[in-house]
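In this text, all values refer to a predicted model and were calculated from it rather than measured experimentally. Both counts, for ligands and for their atoms, begin at 1 and track the order of listing.
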Amino acid sequence: MADCLFCKIIAGEIPSGKVYEDEYVYAFNDISPEAPVHVLIVPKEHIASCNEITEENAEIVSKIFLAAKKIAEEKGIAEGGYRIVNNCGDDGGQTVKHLHFHLLGGRSLNWPPG
Ligand code: AMP
Ligand code: ZN
């Protein structure tokens, strides 16, 4: 998608702090971290949001969670715990319209979110 920020990051057109990549998934440090570990995990395929997950592309969600687990282990937060968050749509707080999951950890996280 030509004007999508995260598609440009995946393509290397915009720099990012890459932490993980495989055939399906790309993960990079959030530019404005809310926790000591704040990684964004995205499908390489452009999917705008959770609303665009279908029977055909749903497998990407398990790939993303497998990547999250690996990254949590590598970052040393698997034992202590962490949070995986998806914001969907305007009321959900989604600002970038390319499906992404936030992996947050490294501190005790509050609940509920705002
Ligand atoms: P959301 O509000 O769920 O759509 O999350 C979008 C996230 O993308 C925010 O946490 C931003 O800080 C992050 N973000 C925006 N631009 C960049 C960028 N160029 N590199 C890394 N993270 C970014
Ligand atoms: Zn995109």
Nearest-option assignment for atom 14 (N) of ligand 1, heavy atoms, candidates Ile14, Asn87, Ile31
Ile31

In this structure, OG of Ser16 is separated from CG of Asn29 (nearest 0.5 Å) by 8.5 Å

Rounding to 0.5 Å, atoms CG (Asn57) and NE2 (His46) come to a distance of 11.5 Å

Specify whether His38 and His102 have parallel, tilted or perpendicular ring planes, treating 30° as the upper limit for parallel and 60° as the lower limit for perpendicular.
tilted

What about Phe6 and Tyr26, are their ring centers closer than 6.0 Å?
no

Under 3.5 Å: N/O of Leu5 near N/O of ligand 1:
no

Measuring from non-hydrogen atoms of Ser16 to any atom of ligand 1, is the shortest distance under 4.0 Å?
no

Could you grab the angle centred on the Zn ion (ligand 2), going from SG in Cys4 to SG in Cys7, to 10°?
120°

Counting only N and O atoms by type, is there a donor-acceptor contact under 3.5 Å from the side chain of Lys18 to the main-chain atoms of Pro15?
no

When you measure from the side chain of Glu73 to the backbone N and O of Lys70, does any donor-acceptor pair fall under 3.5 Å?
no

Distance filter under 4.0 Å to Asn29 heavy atoms, resulting ligand 1 atoms
21 (C)

I'd like to know if Glu59 and Lys63 make a salt bridge, using a cut-off of under 4.0 Å between side-chain N and carboxylate O.
yes

Numbering as shown, the atoms of ligand 1 that approach Phe28 to under 4.0 Å (heavy-atom distance)
21 (C), 22 (N)

If you measure from each non-hydrogen atom of Glu34 to ligand 1, which part falls under 4.0 Å: side chain, backbone, both or neither?
neither

Flag His100 as yes when one of its N or O atoms lies below 3.5 Å from any N or O atom of ligand 1, and as no otherwise.
yes

Exam field: side chain Lys69 to backbone Ala78, donor-acceptor pair closer than 3.5 Å
no

Answer yes or no: is there a side-chain heavy-atom contact under 4.5 Å between His98 and Ile10?
yes

Side chain to side chain contact (heavy atoms under 4.5 Å, CB included) for Val42 and Phe28? Distances and angles first, verdict last.
CA-CA 9 Å; Val42 310; Phe28 53 101; 3.9 Å; yes

Part of Phe101 within contact of ligand 1 (heavy atoms, under 4.0 Å)
neither

Interfacing atoms of ligand 1 (cut-off 4.0 Å, heavy-atom, Gln94)
4 (O)

Restricting to heavy atoms, the pick from Asp30, Val96, Val85 nearest atom 7 (C) of ligand 1 would be Asp30

Closest N/O/S atom of His98 to the Zn ion (ligand 2), by atom name?
ND1

As a test of reading the structure, name the N/O/S atom of His46 that is nearest the Zn ion (ligand 2).
ND1

Check each atom of ligand 1 against the heavy atoms of Ser32 and keep those under 4.0 Å away; list them by number with element.
12 (O)

Going by the atom numbers of ligand 1, which of them fall below 4.0 Å from some non-hydrogen atom of Phe6?
8 (O)

If you count the atoms of ligand 1 from 1 in the order shown, which ones are under 4.0 Å from a heavy atom of Thr95?
1 (P), 2 (O), 4 (O), 5 (O), 6 (C)

